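Excluded from the calculations below are hydrogen atoms, water molecules and symmetry mates; all remaining heavy atoms, backbone and side chain alike, are included. Please read all numbers here as calculations on a predicted model, not as lab measurements.
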Amino acid sequence: MDLVNAAPFMAALALFAISTGVGMIQVVKIIQIREAKHELKYGSAGFLRSVGGWSIVIIWFAAVWFLATIIGDWGATGDLAGAWDRGQLRLRILIEILAALAESD
């Protein structure tokens with residue numbers, strides 16, 4: 001794989017890493033605040049209820065992944081319209097997965 005073909009992949013990977021890093025800073029702050037307000041020991045009822053909040057992290061991860069795949073697809077094919085069309089198919093599947101996770105939360 002030469003450097004020209006690796007550039008879109010590296011750009012998508014960098015976008016994914018930066019977006020996840022920025023988002024996780026906020027998630028860690030929220031978790032620390034919740035832990036400070038409640039005694040969240042493993043196995044306690046408070047801990048079990050707080051696990052449901054992880055769906056926020058999953059939604060953030062899914063959004064970052066979705067945008068990174070469109071950018072990576074666009075960079076790999078050079079066709080923005082085609083990348084968006086394929087992205088809409090991925091988005092449809094992703095929304096169904098997230099809906100299933102939200103129901104179990």
Side-chain angles (χ1 to χ4, degrees):
M1 178 186 288
D2 59 358
L3 191 57
V4 174
N5 291 334
F9 175 73
M10 297 304 287
L13 189 62
L15 173 69
F16 182 76
I18 292 168
S19 300
T20 302
V22 169
M24 288 307 293
I25 291 169
Q26 299 304 319
V27 170
V28 168
K29 286 181 185 178
I30 291 169
I31 291 170
Q32 289 173 346
I33 289 170
R34 288 189 80 178
E35 286 177 346
K37 289 182 179 178
H38 307 285
E39 192 172 325
L40 298 178
K41 294 181 181 173
Y42 185 77
S44 68
F47 175 79
L48 295 176
R49 281 192 302 269
S50 70
V51 172
W54 282 101
S55 61
I56 295 170
V57 176
I58 293 170
I59 290 170
W60 176 262
F61 182 80
V64 170
W65 173 82
F66 172 70
L67 294 174
T69 58
I70 289 178
I71 292 171
D73 190 350
W74 179 26
T77 62
D79 178 23
L80 180 58
W84 181 250
D85 290 339
R86 289 183 292 276
Q88 286 178 339
L89 292 173
R90 286 189 294 268
L91 179 62
R92 191 176 194 182
I93 294 168
L94 187 61
I95 287 174
E96 290 182 19
I97 292 169
L98 292 176
L101 287 173
E103 286 179 7
S104 68
D105 211 7

Could you grab the distance from atom CD1 of I95 to atom CD of Q88, nearest 0.5 Å is fine?
10.5 Å
With rounding to the nearest 0.5 Å, note down the distance linking CG in L67 to CG in L15.
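Between atom CG of L67 and atom CG of L15 there are 7.0 Å.
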Please find the pair of heavy atoms, one from I70 and one from A83, that lie closest to each other, and give the distance.
O-CB, 4.0 Å
With side chains defined as the heavy atoms from C-beta onward, is the minimum distance between [X] and [Y] less than 4.5 Å?
| X | Y | result |
| --- | --- | --- |
| T69 | R86 | no |
| W65 | L94 | yes |
| L91 | F66 | yes |

Do you reckon I93 sits in the same ILVMFWY cluster as W84, going by side-chain contacts under 4.5 Å, direct or chained?
yes
